[in-house]
Amino acid sequence: MSGGSFAMRRGSVLCGAMPGPRHIIPASPRIEPATVGALAEAARLIAAGRLVAMPTETVYGLAADAGNDAAVARIFAAKERPHFNPLIVHVAGCAGADRLGRLDDRAARLIARFWPGPLTLVVPRRPRARLSLLVSAGLDTVALRSPAHPVAQALLRLCGRPLAAPSANRSGRISPTTAGHVADSLDGAVDLILDGGPCPVGVESTVVDLCGERSRLLRPGAVTLEQLRAELGEVDVGADETRPSSPGQLASHYAPDRPLRLNATEVAADEALLAFGPAPLTGALVTRNLSPSGDLIEAAANLFAYLRELDRSGARAIAAMPIPEQGLGLAINDRLRRAASPR
Ligand code: TXA
Ligand code: MG
């Protein structure tokens, strides 16, 4: 999926942010439709070192001024995130990225093809970059992303500063794809939640490490391995064991409260079923089908919201049907494996 396809969807995404009955919300934590006024207030809060949750096309991010140590520290505290796990820095576009990290030819190619969009590049950090050192968790690299979502873009441009933004959930738990998920997860720790409707992609950005001679996929996402290889040629997969390049790739992540089992070929009456495709298993207490037609893009968009629903359904456990290991299926299976991993 390229940045271009998001550009075509911008109008509809922004419409999702308009006030309407869907957006009637409790007073605390504060959720505001992403109007011009709310965006201006969000920019003021960020300038004052506060935290704002913003929609991106992948998941909601918990944003703060990436150059403000206290604000970045507040992100770690709000998420209860281990300090060794660095944050993604969001920029409006290539010019902003170039000031913070050293972009080589590979980075330039990927930026031209996929930005703005769901792709994060890990590159050497410029020594004089105006970034809090906390952002990189002590590494000499920085993860850079230019999101395509019009609300995120508008906020970045209003702030005129790079924004550090991890997914807006407590560390290790399911990422938020609606403003309501953020409120459920970070109650009280966030100063304002900008509501831009449900995130169209639904799984986090693809993370590619370009610091070494060989390119490396650290986290699968909406820009697929196949698409990366078409641009770069060879791309290695997974963390490089020889250096601490991907501290965030913990085995247990995205965790629901109920146990989750994968590749289910049968389901018990007290289990909730996360189904996929035209022939869902029968007999579960409750079933949510990620995509009855077997469309991986639709499945990714539904993944986190359905996991949350099934987690709260009263079932003893969640059983997930197999998902094909191709295209966006890599990202879906990656998240499901971590969600199922022992804690
Ligand atoms: O879609 C996304 O990427 C969302 C939206 C909000 O942009 N953000 C997100 O951030 O998923 P977070 O913090 O939940 O995940 C960032 C991942 C982590 O696995 C982290 O370890 C990795 O990126 N990362 C960040 N900086 C890095 C660096 N310098 N080197 C290697 N990995 C890095
Ligand atoms: Mg996260």
Side-chain angles (χ1 to χ4, degrees), residues 1 6 51-64 66 72 75-76 78-91 100-101 114-125 129 131-149 151-153 155-156 162-177 181-182 185-186 194 196 199-212 216-223 238-240 243-255 300 304 331 334-335 338-339:
M1 189 175 290
F6 287 112
L51 305 186
V52 172
M54 65 171 179
T56 80
E57 69 277 22
T58 54
V59 301
Y60 276 71
L62 183 62
V72 175
I75 294 182
F76 280 93
K79 281 185 59 94
E80 297 165 13
R81 180 175 176 115
H83 280 77
F84 59 79
N85 191 2
L87 307 178
I88 295 176
V89 176
H90 296 69
V91 291
L100 306 175
F114 298 111
W115 275 19
L119 177 67
T120 296
L121 305 177
V122 177
V123 298
R125 173 180 162 133
L131 288 177
S132 165
L133 287 175
L134 287 174
V135 158
S136 294
L139 301 172
D140 54 5
T141 58
V142 61
L144 299 170
R145 168 168 185 229
S146 174
H149 197 291
V151 174
Q153 274 288 333
L155 186 60
L156 282 162
L163 297 179
S167 52
N169 52 281
R170 295 230 185 257
S171 187
R173 308 316 292 262
I174 303 173
S175 292
T177 54
H181 294 164
V182 180
S185 190
L186 291 179
L194 287 174
C199 301
V201 172
V203 292
E204 302 82 352
S205 61
T206 304
V207 180
V208 189
D209 182 358
L210 300 176
C211 295
R216 190 173 278 281
L217 175 68
L218 296 181
R219 180 174 73 183
V223 172
D240 181 349
R243 60 192 195 96
S245 66
S246 188
Q249 299 302 293
L250 304 174
S252 172
H253 212 104
Y254 313 104
F304 290 143
D334 170 76
R335 306 311 188 265
R338 291 177 205 280

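Values below: every heavy atom of this structure, side chains too, minus hydrogens, waters and symmetry copies. Just so you know, residue 1 is the first one in the sequence shown, and it goes up from there. As the structure lists them, so they are numbered: ligands from 1, and atoms in each ligand from 1.
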Ignoring hydrogens and angles, tell me if any N or O in the side chain of [X] forms a donor-acceptor pair with the backbone of [Y] under 3.5 Å.
X	Y	answer
Ser185	Arg170	yes
Thr206	Leu119	no
Arg173	Ala255	yes

In terms of atom number and element, which parts of ligand 1 are under 4.0 angstrom from non-hydrogen atoms of [X]?
X	value
Val59	4 (C)
Ser167	8 (N), 9 (C), 10 (O), 12 (P), 14 (O)
Asn85	18 (C), 20 (C), 21 (O)
Arg145	1 (O), 2 (C), 5 (C), 7 (O)
Gly61	6 (C)
Arg81	12 (P), 13 (O), 14 (O)

Self-check item: Between CD on residue Glu57 and NE2 on residue His149, distance to nearest 0.5 Å
Solution: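 Between Glu57 CD and His149 NE2, I get 7.5 Å after rounding to 0.5 Å.
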Quiz prompt | Spacing of CG belonging to Leu218 relative to CG belonging to Asp209, to within rounding of 0.5 Å | solution =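 These two atoms lie 5.0 Å from each other.
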Exercise. Could you walk me through whether Asn169 and Lys79 pass side chain to side chain contact (heavy atoms under 4.5 Å, CB included), step by step?
Key: CA-CA 6 Å; Asn169 52 281; Lys79 281 185 59 94; 3.8 Å; yes
For a quick check under 3.5 Å, do [X] and [Y] share a side-chain donor-acceptor pair by atom type?
X	Y	result
Thr58	Ser205	no
Asn85	Arg81	yes
Ser175	Glu204	yes

Exercise. Check step by step if side chain to side chain contact (heavy atoms under 4.5 Å, CB included) holds for Val91 and Leu156.
Key: CA-CA 7 Å; Val91 291; Leu156 282 162; 5.6 Å; no
Should the proximity of [X] to ligand 1, defined as any heavy atom under 4.0 Å, be assigned to the side chain, the backbone, both, or neither?
X	value
Glu57	neither
Asp209	neither
Ala165	backbone
Thr141	both

Does any N/O atom on [X] come nearer than 3.5 Å to any N/O atom on ligand 1?
X	answer
Thr56	no
Thr58	yes
Glu204	no
Lys79	no

Quiz item: Counting only protein N/O/S, how many atoms fall short of 2.8 Å from the Mg ion (ligand 2)?
Solution: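 Of the protein's nitrogen, oxygen and sulfur atoms, 1 lie under 2.8 Å from the Mg ion (ligand 2).
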Quiz item: Who are the side-chain contact (heavy atoms from CB on, under 4.5 Å) partners of Ala64, not counting sequence neighbours?
Solution: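 Applying side-chain contact (heavy atoms from CB on, under 4.5 Å) to Ala64 gives Leu51, Ala71, Ile75.
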Quiz item: Among the heavy atoms of Met54, does any lie under 4.0 Å from an atom of ligand 1?
Solution: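 Heavy atoms of Met54 never come under 4.0 Å of ligand 1.
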